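Scroll down for the structure; my scribbles are underneath it.
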Amino acid sequence: MKNSLGNPARGEGFYDREKELKKIYKVLEAGSSIYLSAPRRVGKTSILKHLEEFPKEGYYFIYIITESIDNSNEFFKVVFEELVSSDAIKKLSRVSHTVKDFLTGVFGKIKSIKDVELREAEESDYYALLIELFSNILPEHGRVVIMIDEFPQTIQNILEKENQKVAETFLQKNRELRHHKNIQEKINFIYTGSVSLFPMVQKVTSLTSINDLRTVDVEPLEREDAKKFLSLLLKNDDINLNGELLDYVIDKIKWLIPFHIQLMQQEIVDVYESSNKTIDAATIDKAFDQVVHSRNKPQFEPYFSRLAKIFKAEEYEFVIEILKYIAQNDKIENDVLHDTGVKHKLAEIKTTMEILEGDGYLIAVDGGYQYTSPFLKLWCKKHICK
């Protein structure tokens, strides 16, 4: 198995997430849409890409990323354009004359598609066009699943560019779309993103706007799966670790997300090839330390730079201060956390801490918080706490 570090795992590079895939199909078969919940780098996008490439019979998955979108109609436009140009809809058009006829006629209604100007006209109502498209898909054609990546970021973009009311309307329109009569029994949505959905929605409105979504959690790998995944990655470079060394590596990584296992494998290979091809606990320790070398800045820097997009002003300063504190002290006690919030004049810190937990930075422990990952802690201590 090749190491696809930094990119969604595709094809043979995808480590089977059988448990998560079964949950997703079970919810879809029940007719519900999904919020795929997981911290950053746990493998959400790889799962979505796998569904798109290797769907069950009767399913059509379309992956769409909306991270930069900050306008409601633009969101529905991107969804519409990605749908009508997708392999899934092309396949449907070959078996359904209603879908084919719609696609033939739609280009007479829209001003442009994917930045290609078709005619001079006012911008179309893409929400209405989506509903029209969905009305031409019949249940016997199969189930179409639209997978929206970075949906929470889109909500934040609209909130910041427009205002709370516009963002609330955007969420409501998405809910109405999921419940439209043209969608029932044939269209589902999967929403996910590197920012937690629930706290982001609560910045805008109540969770009622998304209470029809079923949450499917993507957890870190279980210990035995993590050992198997690491072994498969190392095998590609003809490295075999005995059981004791495998356990030693897994104990050091602690938070067993694929991304961190891939980082560790990369450094084990580097140390192995530069040390007369011997491997022992000292080799593993050296590899572990190399993970937080500055050459891996592209892998870790986004964890911290993205915080300025999620949090603003004093809230951002609060977040950076507590992350530095935990990196230097292993843990922040709840009373210190409270006092730091007061220092930065924050009315409440509950939502902020929920985001940091949901996005995989911190974990609640007895009386306070710690880093989820030793790698994140060490990176912050070495490169942020200067």
Side-chain angles (χ1 to χ4, degrees), residues 1-30 32-65 88 143-152 188-198 213-236 246-247 249-250 253-266 299 303 357-361 363 372-373 375-376:
M1 177 181 286
K2 291 185 178 180
N3 190 335
S4 60
L5 181 66
N7 298 297
R10 312 286 287 268
E12 293 181 359
F14 178 75
Y15 183 76
D16 188 20
R17 306 296 290 268
E18 183 180 0
K19 181 174 70 173
E20 286 81 4
L21 292 171
K22 282 184 176 178
K23 286 181 181 178
I24 289 169
Y25 276 114
K26 185 176 181 180
V27 174
L28 293 175
E29 286 164 5
S32 297
S33 288
I34 291 171
Y35 166 46
L36 193 64
S37 171
R40 297 188 78 243
R41 302 290 200 168
V42 172
K44 300 183 297 293
T45 302
S46 294
I47 290 172
L48 299 183
K49 290 288 189 179
H50 180 79
L51 289 166
E52 186 177 45
E53 290 184 48
F54 304 100
K56 274 187 178 182
E57 186 176 353
Y59 280 85
Y60 300 90
F61 291 91
I62 300 100
Y63 173 83
I64 304 168
I65 185 165
R143 189 176 293 274
V144 175
V145 184
I146 302 163
M147 304 181 293
I148 309 291
D149 201 353
E150 300 300 351
F151 184 69
N188 293 98
F189 291 83
I190 298 177
Y191 302 94
T192 192
S194 54
V195 179
S196 299
L197 179 60
F198 297 156
L213 301 180
R214 289 276 300 277
T215 300
V216 174
D217 292 312
V218 181
E219 304 284 355
L221 296 177
E222 294 182 2
R223 187 179 183 87
E224 291 306 310
D225 282 329
K227 288 163 66 174
K228 182 180 178 183
F229 181 46
L230 178 59
S231 296
L232 289 170
L233 291 173
L234 290 169
K235 188 177 180 180
N236 195 57
L246 263 179
D247 282 323
V249 176
I250 296 303
I253 297 174
K254 289 186 180 178
W255 200 45
L256 303 178
I257 65 172
F259 173 63
H260 289 169
I261 295 170
Q262 290 170 319
L263 276 170
M264 191 66 184
Q265 182 266 352
Q266 171 184 274
Q299 311 302 335
Y303 272 101
E357 276 195 275
D359 292 0
Y361 292 86
I363 184 171
T372 54
S373 165
F375 292 142
L376 280 183

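What you are looking at is a predicted structure, and each value in this text was computed from that prediction instead of being measured. Numbering starts at 1 and runs along the sequence shown.
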Exercise. Taking all non-hydrogen atoms of both residues, which atom of L376 and which atom of G360 are closest, and how far apart?
Worked result: CD1-O, 3.8 Å
Exercise. Between F151 and Y191, how do the two ring planes meet: parallel, tilted or perpendicular, split at 30° and 60°?
Worked result: tilted
For this session: Considering only NZ, NE, NH1 and NH2 on the basic side and carboxylate oxygens on the acidic side, decide whether K19 and E222 come within less than 4.0 Å.
Result: yes
For this session: Could you tell me how the ring of Y59 sits relative to the ring of Y25: parallel (under 30°), tilted (30 to 60°) or perpendicular (over 60°)?
Result: perpendicular
Problem set entry | Candidate list L197, D359, T192, test side chain to side chain contact (heavy atoms under 4.5 Å, CB included), partner P152, passing option | L197
For this session: State the NE2-NZ distance between H260 and K254, to the nearest 0.5 angstrom.
Result: 13.5 Å
Problem set entry | Pairwise distance CD1(I363) to CH2(W255) - rounded to 0.5 angstrom | 9.0 Å
For this session: Working to the nearest 0.5 Å, report the span between CD of Q265 and CD1 of I253.
Result: 10.5 Å
Problem set entry | Distance-minimising heavy-atom pair for S33 and V27 | O-CG1, 4.3 Å
For this session: Check the pair F198 / T215 against side-chain contact (heavy atoms from CB on, under 4.5 Å), numbers first and verdict last.
Result: CA-CA 11 Å; F198 297 156; T215 300; 3.5 Å; yes
For this session: Measure the OG1-CD distance between T45 and E52 for me, rounded to the nearest 0.5 Å.
Result: 11.5 Å
For this session: Classify the ring geometry between F259 and Y303 as parallel (under 30°), tilted (30 to 60°) or perpendicular (over 60°).
Result: tilted
Exercise. How about R214: does its CZ atom have over 12 heavy atoms from other parts shown lying under 6.0 Å from it?
Worked result: no
Exercise. Do the side chains of K56 and E29 get nearer than 4.5 Å, heavy atoms only?
Worked result: yes
Problem set entry | Heavy atoms from other residues, nucleotides or ligands near NZ of K228 exceed 12 (cutoff 6.0 Å) | no
For this session: First locate atom CG of L51, then atom CE of M147, and finally report the distance between them rounded to the nearest 0.5 Å.
Result: 6.0 Å
Exercise. Are any of the side-chain nitrogens in K22 or E18 under 4.0 Å away from the carboxylate oxygens of its partner?
Worked result: yes
Exercise. Are P258 and R17 close enough that some pair of their side-chain heavy atoms sits under 4.5 Å apart?
Worked result: yes
Problem set entry | Nearest non-hydrogen partners of D149 and G193, listed with the distance | OD1-CA, 3.8 Å
Exercise. Atom CG in L28, atom CD1 in I34: separation rounded to 0.5 Å?
Worked result: 4.0 Å
Problem set entry | Under 3.5 Å donor-acceptor, E150 side chain and S194 backbone | yes
Exercise. What are the two closest non-hydrogen atoms of Q299 and L263, and how far apart are they?
Worked result: CG-CD2, 4.0 Å
Exercise. Hey, is E224 close enough to K227 for a salt bridge, meaning N to O under 4.0 Å?
Worked result: yes
For this session: Work out which heavy atom in N188 is nearest to a heavy atom in R143; give both atom names and the distance.
Result: OD1-NH1, 2.6 Å
Seminar exercise, completed: P39 and V218 have their tightest heavy-atom pair at CD-O, 4.4 Å
Problem set entry | D247 with R223: basic N within carboxylate O range, under 4.0 Å | yes
